Amino acid sequence: MIEKALYGDKKYWGWLFFLGALIFIGFLAYMRQYTHGLTVTGLGRDVSWGFYIAQLTFLVGVAASAVMVVLPYYLHDYKQFGKITILGEFLAIPSVILCVTFVFVDLGQPFRGLNLFLHPSPRSPMFWDTVALGGYLCLNLLIGFVTLGAERKLTPPPKWIKPFIIISIPWAVSIHTVTAFLYSGLVARPFWMTAVLAPRFLASAFSAGPALLILLCLLLRKVTTFDAGKEAIQKLAVIAIYAMCLNVFLILMEVFTTFYSGMTEHISHFKYLYVGLNGNTFFVPWMWTSSILAIITLILLIPPAGRKNEKVLAFGCITLFLSIWIDKGMGMVVAGFVPNPFGVVAGYVPTLNELAISLGVYAIGALIVTLLYKIVLSVRTSIP
Amino acid sequence: MSIKRRDFIKITSLSTLGLVAIPASELLAEIAKSDTSKSGKKLAMAIDLRKCSKEEGCTDCMDACHKVHNVPNFVNPDGKPNRKDEIKWIWKEHFEHAFHDNKHEFLSEKIKHIEAVVLCNHCENPPCVSVCPTQATWKRDQDGVVMMDWHRCIGCRYCIAACPYGSRSFNWRDPKEALNELNSDFPTRMKGVVEKCTFCNERLARGLQPACVDACKAEAIVFGDIHDSKSDIRKLLSHNFTILRKPGLGTNPAVYYIV
């Protein structure tokens, strides 16, 4: 079945070679980083986590969002999702692989990574995150290939796969909760230490993920013969916008607690993001863009007429995805470090080297998505 | 050779069990481990900032520590410290930075000009130890010193995120690029690992005081076991008003300051 990824037209191979070129550039950039050390990034003593870890955080959310198609189909028999559960699972797999890859490129001593398993540390959320992500990857690989394999043989999937599918549902929630726990238990970083962080992560994941899936389905309909079905796409849109409303609500909850209390420690981080602190205003235009994009999303996608028009829907999904990516994949991590434990503002801007490596990593993700989706399409079109 | 499915499963399970036995027992030991033994020593430091501030511009403690521990000195071309890549185990911060929940607009001139010596606080409840995914940093049972293993550290920098005092530094590049004199009695580190003050555990093992304590010409740093009611540090703590950095966080730091 995997061999189906090796057959395709000129466009398919052209796309794969393009991604390969990006991956190669990323690899060269990584070699430079591996030689000189992480000094080639914009990171420093004060802002010690940045673009790489932010991408990890964002991508765990995308991985977890597979549950938004799995749950309705398997627990509530929502048959319209039958065609796309595999797409959700096959999006989760590269997302988790990218999570691990982004951690790998962020580590100072990546080849000591096995120490994570040789010396398990149950008090460390990072240890549990590794366990959770690893388990989730295995689950999705198993579920995806078994169900697709059964579909190819025109039989229903074997009964023993059902418990794995059921487990994957709370497991998906757990991976993003544990990732939030990385941040929300740290007394050192008041910007992150909020009980609402895990719910925020989940809400943003369950909106950004389905939005991405919608965009992928619309793209597939354009470039291939695969049609996910109008109903499925509409239902995904409803899920995405409900989750986005919850996400915006939770952000407003944070705004209230921070600004009504007036607590200096909390306000300073928000100030850094939204108005600048001590002359450092790098994130200000980004964060306001994110907020405006969120409002545009709500205006476009809350009215059913907006979702039914597929051009508006596509645009709304893009604004939704970008809004959340800026918030989670840019602002959230860095703002935890600014101001630093001494109350001093240190800047952070990712360097070209850092961005080149990240581009290469994302290209790996796009490659895996392409290969896996090609397998799905080939299986489906070989069925009479 | 054909092998029965049942035998295959038996062999595979036994092998897997054998492979995970050691990490699994380490895991169980970690879970079962009780917290600090109250009967052990608890090493702590008291820094008299009144004595320290009398020596304006003094950097003796920092110079001694960084020299004996091969701490690199990354500077920009203009001579100012490279704030991005710098590594420091012990250094001076303005009062309002070291104690920024105690600062206000009308601090006395004396307090405003205090340059407080800051270093790892060797907390009783260290968040850095909790978060380390490989236990490359841990708190010693016998004396509460928070240690570092530079061979096990994978450079994830979670401990840096967790430390409320900014005590930890990461080797963003090879430290040998900025090491002028080498102390061959102490290891240099490699790029990609985190480092910090370890209360001079190598000197403690030889019955010596930490380097900064010995080097201070104002004799402002007192070091000892705060579980020993007869120690010098306990006497100092019982006769003076002392403050801690960020006491409300629950870390229970072991570096006390007399202002």
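Values below: every heavy atom of this structure, side chains too, minus hydrogens, waters and symmetry copies. Chain A is the first sequence line, chain B the second, and so forth, proteins listed ahead of strands; every chain is numbered from 1. No experiment lies behind these values; they were computed from the predicted model shown.
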Counting only heavy atoms not in A:F27, do more than 12 sit closer than 6.0 Å to its CZ atom? no

Contact summary for A:A188 and B:A162, nearest pair of heavy atoms: CB-O, 3.2 Å

Shortest non-hydrogen contact from A:L182 toward B:Y158: O-OH, 2.6 Å

Is atom NZ of B:K42 surrounded by more than 12 heavy atoms (other residues, nucleotides or ligands) closer than 6.0 Å? yes

Polar side-chain atom of B:K191 near backbone of A:L38 as donor-acceptor pair, under 3.5 Å: no

For the pair A:N115 (side chain) and B:R152 (backbone), establish whether a donor and an acceptor sit closer than 3.5 Å, ignoring hydrogens and angles. yes

Side-chain (A:R45) to main-chain (B:G166) donor-acceptor, under 3.5 angstrom: yes

Which bit of B:R173 comes within less than 4.5 Å of chain A, counting heavy atoms only: side chain, backbone, both or neither? both

Determine whether more than 12 heavy atoms belonging to other residues, nucleotides or ligands lie under 6.0 Å from atom CZ of A:F164. no

Leading residue by heavy atom contact count with chain A [cutoff under 4.5 Å; candidates B:P127, B:A161, B:G155, B:S169]: B:A161

Using modelled atom types only, decide if a donor and an acceptor are shared between the side chain of A:R112 and the backbone of B:C153 within a distance under 3.5 Å. yes

Show the nearest heavy-atom pair for residues A:F342 and B:R245, with the distance to one decimal. CE2-NH2, 3.1 Å

For the student: nearest non-hydrogen atoms of B:C163 and A:P341, plus distance: O-CG, 4.1 Å

Can you tell me how far apart CG (A:N340) and NE2 (B:H97) are? Round to the nearest 0.5 Å. 8.0 Å

Highest number of heavy-atom pairs under 4.5 Å with chain B among A:S48, A:P190, A:G343 belongs to A:S48

Check: B:I160 main-chain N/O paired with A:W49 side-chain donor or acceptor under 3.5 Å: no

Show the nearest heavy-atom pair for residues A:S124 and B:V131, with the distance to one decimal. OG-O, 2.5 Å

Choice from B:C156, B:G248, B:G250 maximising heavy atom contacts with chain A below 4.5 Å: B:C156

Side chain / backbone / both / neither for A:F111 at chain B, heavy atoms under 4.5 Å: neither

So, is the end of the B:K84 side chain (NZ or CZ) under 6.0 Å from the ring centre of A:Y348 and within 45° of the ring's axis? no

CD of B:E177 to OG1 of A:T39: how many Å apart, nearest 0.5 Å? 8.0 Å

Approximate separation, where rounding is to 0.5 Å, of A:L43 CG and B:D85 CG: 10.5 Å

Salt bridge (charged side-chain N to carboxylate O under 4.0 Å, His left out) between B:R157 and A:D106, intermediate numbers included: CA-CA 9 Å; B:R157 311 189 295 291; A:D106 183 71; 2.6 Å; yes

Is it possible for you to check whether A:R123 lies under 6.0 Å from the centre of the six-membered ring of B:W138, through NZ or CZ, and within 45° of that ring's axis? no

Under 4.5 Å, counting heavy-atom pairs only, tell me which of B:H94, B:K103, B:H151 racks up the most with chain A. B:H151

Under 4.5 Å to a heavy atom of chain B? For A:F104 that would be neither

Taking every heavy atom of B:P133 against every heavy atom of A:F127, the minimum-distance pair comes out as CB-N, 4.3 Å

Contact part of A:L107 toward chain B, heavy-atom cut-off under 4.5 Å: side chain, backbone, both or neither? both

Please say whether more than 12 non-hydrogen atoms of neighbouring residues, nucleotides or ligands are located less than 6.0 Å from NZ in B:K112. yes

Could you grab the distance from atom CG of A:L114 to atom OG1 of B:T134, nearest 0.5 Å is fine? 12.0 Å

Against chain A, label B:E86 side chain, backbone, both or neither, depending on which of its atoms sit under 4.5 Å from a heavy atom there. both

